[in-house]
Amino acid sequence: AIVGAGLIGSAIAAHLPSGVSAVVLDADLSGELSSSELNAGGVRATWAQSINFDLSKRSIEFFERHADEVGYRSCGYLWIQRAATMDAAVKLAETFNHRGWAVDVDDVPQLKKRVPFIDKTADLAGAVFGRRDGLINPNALKEFLRTRAKNHGVQFVDRVWVTHADPSRLMLHGVRLNQEPWDRSSKEVVVTEQGLPSGAEHFSIQAKTIINAAGAWAPSLARHLGAVCPSYPVRRQISLFQTQDLDLTPYGMIIDPSGVYFHPEATFGLAGFANSDEPRGFNFRYDGDAFFESRIWANLYERSSSFERLKHVTGWSGLYETSPDHMAILGKAYNAEGRVIPGVYEAHSFSGHGAMQCVAVGQEIAELVLRGRYLNEETRSLSVKRFFENGTTPHETWVI
């Protein structure tokens, strides 16, 4: 039983071979508030930590092979640098190139040649550009993975809300909802463990294996299963805007030193920014003009004269499920005493990079569950054990 039918849960299901009896449970298969649907669509292997590099690289190689089906475009990631970060970025670029992942290093004149509209460069030292990094269509990818899983016999069950569990018997209990679990107009979750809708049908399932791929809801499911989970949900907002005279479509993802990232989205620009003071919790409200003007436009204005006149169109918010070191939690589940919970596995807390790692994660978790091993033994370092064994992985620093 896989709980969570977003990109991670669907990727795990897609890598289960025919003949394995599997079911994927989700509160809303359409993904109205799923991070898989609400993310910016960027995919990159340019990560500081080698395990993040590997999981992303293998996933992007899959996207390259199925580019038409998943909407993959190798348009690159451009990381603009100030002097304080340039030396470290150059060293990391050398590491990527040594690994066979082509990354260019630009000085300011080269940067301006690559991206001519970046014309306010007095505070800049250069940039690094990951050539094979790019963009995907997350919804197309999710449907592609689900189709593969269904062709192998995996069942997807909609509107299941897990309310409690018996980990000793590997049983999940909950309800089959007769309505969506959230209000579309307010974007608020209206179904809770304390307030279930009348008429909901009780639901129970016993499995040999339970995989927690519940995204931002993973900490709650972990508690039901008696598992340690130090992660938490936090809101991230994204804006769509129009430029007056600038066509962004020839470019890929661009990350400004201010923390604003942006890329073309159809005929618009898409931009996001992670507020460092954003409170933890489930919040799907989009702050509209106030967010766009203070967080997005204010920073883009300082980078390009082409951004001095922008028109805010719309936007949305979604959730990161964030771990203390901005690394995923994968592998066997553990209780507070540090003991394995037999039959329970984790695949969550990607801190914003689940979409770009989902295929390799699906391979790794399927291999672990079915054969008791990983394809890449370094994946073992992402066990939740690292948080109560003095840490076995350093923090990921290339996060946006």
Side-chain angles (χ1 to χ4, degrees), residues 1-9 12 24-28 31-36 38-39 160-167 170-175 181-182 187-196 209-236 274 278-284 317-341 343-355 357-358 361 365 382-389 391 393 395-396 399:
I2 301 169
V3 182
L7 283 168
I8 298 299
I12 296 169
V24 184
L25 312 174
D26 201 284
D28 178 21
E32 181 76 14
L33 299 184
S34 168
S35 301
S36 296
L38 299 173
N39 71 79
V160 173
W161 190 275
V162 176
T163 58
H164 58 290
D166 180 352
L170 292 178
M171 290 198 71
L172 297 170
H173 304 283
V175 293
W182 28 72
K187 296 293 186 183
E188 292 183 356
V189 177
V190 295
V191 177
T192 67
E193 294 161 30
Q194 292 75 35
L196 299 175
T209 301
I210 296 172
I211 301 172
N212 181 356
W217 288 266
S220 175
L221 180 60
R223 287 193 294 273
H224 293 319
L225 293 167
V228 172
C229 181
S231 302
Y232 56 88
V234 63
R235 178 179 66 160
R236 293 287 184 262
E278 183 71 36
R280 301 179 182 186
F282 292 88
N283 180 2
F284 292 95
S317 64
L319 298 175
Y320 277 19
E321 79 273 14
T322 302
S323 72
D325 58 8
H326 300 288
M327 307 272 277
I329 294 176
L330 301 178
K332 296 179 180 180
Y334 286 78
N335 62 23
E337 287 73 43
R339 292 195 293 270
V340 170
I341 303 174
V344 179
Y345 295 82
E346 316 265 25
H348 53 75
S349 303
F350 288 86
S351 305
H353 46 273
Q357 297 185 345
C358 64
V361 167
I365 295 298
L382 295 177
S383 167
V384 73
K385 287 195 302 180
R386 69 188 188 268
F387 297 113
F388 49 86
E389 289 186 348
T393 58
H395 279 58
E396 177 57 63
V399 294

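Computed from a predicted structure; not experimentally measured.
By the salt bridge (Lys or Arg N to Asp or Glu O under 4.0 Å) test, Arg236 pairs with no residue at all, sequence neighbours left out. Every residue was checked against the side chain to side chain donor-acceptor pair (under 3.5 Å) condition with Glu321, not counting sequence neighbours, and none meets it.
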- Message: I'd like to know whether Ile211 forms a side chain to side chain contact (heavy atoms under 4.5 Å, CB included) with Ile12, so could you lay out the CA-CA distance, the side-chain angles of the two residues, the decisive distance to 0.1 Å, and finally the verdict.
- Response: CA-CA 9 Å; Ile211 301 172; Ile12 296 169; 3.9 Å; yes
- Message: Using side chain to side chain contact (heavy atoms under 4.5 Å, CB included), reason through Arg235 and Arg280 one step at a time and then give a plain yes or no.
- Response: CA-CA 7 Å; Arg235 178 179 66 160; Arg280 301 179 182 186; over 6 Å; no
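Using cut-offs of 30° and 60° for the angle between ring planes, the Phe284 and Phe282 rings count as tilted.
Contact record, Ile329 with Ser231: CD1-OG, 3.5 Å, taken as the closest heavy-atom pair. The two residues His353 and Ala328 have their closest heavy-atom pair at NE2-N, 4.4 Å. Looking at every heavy atom in both residues, Pro167 comes nearest to Ile341 through CB-CG2, 4.1 Å. Contact detail for Asn39 and Ala355: the closest heavy-atom pair is ND2-CB, 4.2 Å. Here the shortest heavy-atom pairing between Asp26 and Gly6 reads OD2-N, 4.2 Å. Considering all non-hydrogen atoms of both residues, Cys358 and Leu7 come closest at CB-O, 3.8 Å.
Within the model, atoms CE of Met327 and CD of Gln357 stand 8.5 Å from one another, a figure rounded to the nearest 0.5 Å. Residue Asn283 holds its CG atom at 6.0 Å from OG of Ser317, rounded to the nearest 0.5 Å.
Although no hydrogens or angles enter the test, the distance criterion places no donor-acceptor pair under 3.5 Å between the side chain of Ser35 and the main chain of Tyr320. Although no hydrogens or angles enter the test, the distance criterion places no donor-acceptor pair under 3.5 Å between the side chain of Asp325 and the main chain of His395. Asn212 places a side-chain N or O within donor-acceptor distance of the main-chain N or O of Ala218, the cut-off being under 3.5 Å.
Looking only at atom types and distance, the side chain of Ser349 has no donor-acceptor partner in the side chain of Ser323 under 3.5 Å away.
When ring centroids are compared, His173 and His164 come within the 6.0 Å threshold.
Within the 4.5 Å cutoff, no side-chain heavy atoms of Tyr334 are placed close to those of Arg339. For the pair Val228 and Phe387, the minimum side-chain heavy-atom distance is 4.5 Å or more. Under the 4.5 Å side-chain criterion, counting only non-hydrogen atoms from C-beta, Phe350 is in contact with Val361. Side-chain atoms of Pro233 and Thr322, non-hydrogen and from C-beta on, never get closer than 4.5 Å to each other. Side-chain contact between Asp28 and Leu33 is absent, with no heavy-atom pair separated by less than 4.5 Å. Residues Leu221 and Val162 have side chains in contact (heavy-atom distance under 4.5 Å, counting atoms from C-beta outward). You'll find the side chain of Ile210 reaches within 4.5 Å of the side chain of Leu225, heavy atoms only. Counting only heavy atoms from C-beta outward, the side chains of Leu319 and Val234 never approach each other to under 4.5 Å.
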